[in-house]
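The block underneath contains the structure these notes are about, expressed in structure tokens.
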Amino acid sequence: MKSSTRNPNPNPDTPRFGPSKLMLAFRFLRALTLVHRTAPNSSNAARSRRIQRAAFASMAYSAGPRRAWSRALLCRLHFHRARRRCARRSRAAGVPRRPSTTRSPADGLRRLVPGGTGMDYCSLLEETADYIRCLSEQVKLMQSIVDSVGPGGR
Amino acid sequence: MDPPSLMPRLPDMCRFPMLGMPPPELAPRVGRIGGDASVEESTVTEQCGGSKGRWRRRDPPSSGGATEAESSKLVSTSSGNELAEAEAKHLKAIKSTDGNDNIKSEAEASSGICNKLAAQNPQTTEPPKQDYIHVRARRGQATDSHSLAERARRDKISERMKILQDLVPGCNKVIGKASVLDEIINYIQALQRQVEFLSMKLEAVNSPMNTTIEVFPSKDFSSQRYDTTSSLAYSSQTWEYEQGSGTEWLHMQVGGAFERVT
């Protein structure tokens, strides 16, 4: 299955850039083929959901654990996966329904960006910027895949 | 006028080593046009508690209406932009209250975050080297520790908003924080919808995908082999998982053995 040999790190001082497009592409493609191979008979909606989850997972993995939103996204994904497999252990990750009378300007943003609820405004803006970069990379990648496959899909 | 008001505050001032300078020195300095006085006084006021705030606050009202005229002139002639806003805010606060209400709030505020501002203060009080009223306003604004911290925070926020505006296309035309935020929210929602739509499309292209995928990576990524090593190194710093997956990718490249990965 997966090879266990590890490559030694040749360049220890790589600059920190945004989402690594290559890793994103690799991960997403691998996840995509996994989805196609393991469940060829499931319904279309379920498969598209899985693809979407794979897209977000590959996005979060390639972004790295430095970002709060990628961590939160992965937590959410793992939680959902665990919840599907076993019985419901805890509802700790459920979003608390807090009816806020005063609407702060960042509320909508907090709901959109994963992990945005527990952050101050400053870091929320930074996470949003990184999230937007990763999302647009992901969209470009998926679009290029769709384009490369060609109009004759099935 | 000023020295007598300084006298009762002496016991407070003598508590701190910074206030080792004799009080008569302060009196001429207060009236002098200079940045040093403002630095000393404001650092003095920084390190003290609310009592200094009280001392400062009481001066402007005692001078009467003359301050207001000069302070308004001051606001227009002040050099730094941020200083002008903060000073205007501070002066408005002076005008609006009698001084006593302000004293307590200022005292509480300044006693809270004194130490932090002592470090920031020398830098912020350097630029305004104008007249007496300006100095007084700078001191007041400096002890308003909340305003300094808030200003730093606001600068950070505005800088990040600018980055976001550059990221989101079409955000430059909108003016106002709220609308920019709305635009950003719409853009993120659109991106997420696009991911969903593309995932549906990808799911629809099923069988030809399996064969194409195996060809695709080796075809397109062979030219970027050097980029892989750097990205591999980057990812291996952060996450072990990616290290293993990178090795598998190299296997894929070499033998086209994509099956080995899965």
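Listed here is the closest heavy atom pair of B:Q192 and A:L135: CG-CD1, 4.0 Å. Looking at every heavy atom in both residues, A:C122 comes nearest to B:I157 through SG-CG1, 3.5 Å.
Rounded to the nearest 0.5 angstrom, A:R133 CZ and B:L167 CG are separated by 5.5 Å. Separating the CD1 atom in A:I145 from the NZ atom in B:K201 is a distance of 12.5 Å, to the nearest 0.5 Å. Separation of atoms CE (A:M142) and CZ (B:F197) is listed at 10.5 Å; rounding is to 0.5 Å. The CD1 atom of B:I185 sits 7.5 Å away from the CZ atom of A:R111 when rounded to the nearest 0.5 Å. Separation of atoms CG (B:L191) and CD (A:E137) is listed at 11.0 Å; rounding is to 0.5 Å.
Contact annotation for B:I188: both backbone and side-chain heavy atoms come within less than 4.5 Å of a heavy atom of chain A. Within the 4.5 angstrom heavy-atom criterion, only side-chain atoms of B:L181, from C-beta onward, approach chain A. Looking at B:Q189, both its backbone and its side chain come within 4.5 Å of chain A, counting heavy atoms on both sides.
Qualifying salt bridge (Lys or Arg N to Asp or Glu O under 4.0 Å) partners for B:E196, counting only residues two or more places apart in sequence or in other chains: A:R49.
Looking only at side-chain heavy atoms (C-beta outward), A:E126 and B:I163 stay at 4.5 Å or farther from each other.
A side-chain contact (heavy atoms from CB on, under 4.5 Å) with B:Y187 holds for exactly one of A:T128, A:I132, A:L112; it is A:I132.
Sorted by first then second residue, the ring pair (Phe, Tyr, Trp, His ring centres under 6.0 Å) pairs that include residues 115-146 of chain A, not counting sequence neighbours, are A:W69-A:Y131.
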